[in-house]
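A quick write-up on the structure given underneath.
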Amino acid sequence: MDYNKLAELLFPQIDKTPEDYEAMFPQRQNAAGGAVITRLGPSPTGFIHLGNLYGAFVDERLAHQSKAADGTPGTFYLRIEDTDDKRYVEGAVDTIINSLKFFGITFDEGAGCGQPDADGEPPYYQSKRGPIYQAFVKRLVSQGKAYPCFLTEEELADIRAQQEAAKETTGIYGKYAEKNRSLTYEEVEANIAAGKPYVIRLKSKGNQGPDGVVYIHVNDEIRGDVSMPANDQDVIILKASGIPTYHFAHVIDDHLMRTTHVVRGEEWLMSLPIHIELFEALGLEPPIYCHTAVLMKLDDETGNKRKLSKRKDPELSLDYYRQEGYHPQAVKEYLLTILNSNFEEWRMANPDADIDEFEFTTEKMNSAGALFDLNKLNDISKDVLLKIPADELADFLLEWAREFKPKAAPLLEDKEYLTKILNIGRDDAKPRKDLIYAKQIFDFISYFYDEYFVIEERIPEQVCDEDAKEILKRYLDTYDHSDDQSQWFEKIRTITADLGYAVKPKDYKKHPDEYKGSVAHVSTVIRIAVMGRSQSPDVWTIQQILGEDKVRARISELIG
RNA sequence: GGUCCUAUGGUCAAGCGGUUAAGACACCGCCCUUUCACGGCGGUAACCCGGGUUCGAUUCCCGGUAGGAUCACCA
């Protein structure tokens, strides 16, 4: 069989060679100098989730932390893996870029990144790289390393059924590949003339060595040495549509785009043998692989760990964090704590350092899947929000409200008021940490706005209704908005003592029979009248922000 | 089922042949306090099982078990 002739028959329109493309896309300057080149390769389904962000983070850190000999940083680019046209969703690329940008991850180049050509140059959309892939496939065919296969869906199904019945490995390999591997030129020509659809398969060298099964060994940056049986499947490299499969596109693109580190999910580990054989067949050097762990969650029903699922787990979607109003920085820091085990320690030692100063390493990555922990996220979020100045936080909250709570947004437009509210207890030596995410913050401060003010709790049982009324009446009578905090509290003490409550909570605790209750209970009545709830920051401070009119109005309302 | 990955408290995790087996979150108690929060102090809680190797295994090897991943003209 004349393979050159076959290649020409299959790809008459392809006139460029692999060498042409090598010359068109030469080695990058910075990669030659040791910088790390990474990429994100999402399919354009428009759904970008926490797992994507998790991986993107590794890519971004690895690239931007590395430096070439001359000091130029590595490159992180976006490549759209749209080899499956069924998956394409309109506007998906923008969604991807914007979602990641929200979390502070930006690309240096790639799809939608403002290259001269809107699509990027070289094309960063796999769907636009057809001729490139075909040039390499053509070369493989001409070397007898790949061949056209005319197996129909029915035939494939038959083979599969037969294999399953015999408990053999499924797929096209060994004897199952024979038929199409050994087609003559004339047969191929006739099939094509008859318009039969076909795919191009790799002619696998198999994995049988003189001593049994041959294993491949790969040094994964995260997992260390990984070994598994070499590939023996005649995998499809070019689909009937002329578009390559992921496997082939990965090999060609990451080589031509000079990716040095391929960061991808653990789910790709099992196809590594295919990629290794492909690189070998093409005479190319494989990149360094980093297979990251999958994000897990405890299943409510089974109690077992399982992969976060798009359908069942809203927290997988990045939209979830935007809707709840998590600050991107909080999500980022949380991800980093599960990504690099020493980050948390570093953060404690360097509470104010920029996140970029943390030295991210693949050695500190865990290869087992981490369980997603909302508690931890919330805890981290408290610290993150504390470091953000109140006025910035006000902007963040307003922005969130405009999108997700439009009815409340106009109230938050009064930025001075909002900033004061958010600043309560923040500039102390021991600042409060009760702000977690926008939705929670809004609920937390809602009583500052009459439109959302409601009495949520009942007065403590130690205080009877008459006393409660009396407390509020006296409080209102003696209320002077210009009192400082100690003057204000002195008046509460007076009321407390006059009505037979203990001024010192300890006294009440020691002698519960001698008092009706303590100053704590009296204060709680006031709290509920003014804030509608028994738990809040300092009452005096809140009243100063609320303003005299609101304070008086709310108390008067209750006295009737 | 085949193949591969993983295995330390409820969760995230240090550890890399000899440790009282760190720390963080969560939980509980006490203190501070007009409530809550913050903070401080303290507490409950772990090396999956069985064989080896070794003077000695959480750590190394083998087997089991468990969990996860993967077996498409999807990525």
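Because the structure is predicted, anything quoted here is derived from the model rather than measured. Here is how names work: the chains are called A, B, and so on, in the same order as the sequence lines, proteins then strands, and each is numbered from 1.
- Between the base of B:A24 and the side chain of A:K376 there is a donor-acceptor pair shorter than 3.5 Å.
- Within 4.0 Å of A:R533, counting heavy atoms only, lies no atom of the nucleic acid at all.
- If you take atom P in B:G64 and the same atom in B:G2, they sit 11 Å apart, rounded to whole Å.
- Between the side chains of A:D253 and A:Y124, no donor N or O sits under 3.5 Å from an acceptor N or O.
- Ring planes of A:F358 and A:F343: perpendicular class, angle over 60° (limits at 30 and 60°).
- As a whole-Å value, the separation of A:I380 CD1 from B:A26 P is 11 Å.
- Of the candidate nucleotides B:A72, B:U34, B:G23, B:A72 has the atom lying nearest to any side-chain atom of A:R160.
- Mapping A:L269 and A:V519 onto RNA chain B via the closest heavy atom, the residue that lands nearer the 5' end is A:L269.
- Note on A:R39 versus A:D59: no salt bridge recorded, every NZ/NE/NH1/NH2 to OD/OE distance being 4.0 Å or above.
- A salt bridge does not link A:R533 to A:E457: none of the charged nitrogens lies less than 4.0 Å from a carboxylate oxygen.
- Note: A:H291 and A:Y289 meet the aromatic proximity criterion, with ring centroids under 6.0 Å apart.
- Between the side-chain ring of A:Y246 and the base of B:C74, no stacking contact exists by the 5.5 Å and 30° definition.
- Looking at heavy-atom distances under 4.0 Å, A:I222 makes no contact with the nucleic acid at all.
- Nucleotides B:C25 and B:C31 are separated by 22 Å at their C1' atoms, to the nearest Å.
- In this structure, A:K506 places its NZ atom 14 Å from C1' of B:U34, rounding to the nearest Å.
- With a cut-off of 3.5 Å on both Watson-Crick or G-U wobble distances, the partner of B:A14 is given as none.
- Relative to the side chain of A:K364, the nucleotides B:G68, B:C4, B:G15 differ in distance, and B:G15 lies closest.
- Between the NZ atom of A:K430 and the P atom of B:C41 there is a distance of 11 Å, given to the nearest Å.
- The gap from the P atom of B:U3 to that of B:U19 amounts to 38 Å, rounded to the nearest Å.
- When the P atom is compared between B:G68 and B:C62, the two are found 24 Å apart, to the nearest whole Å.
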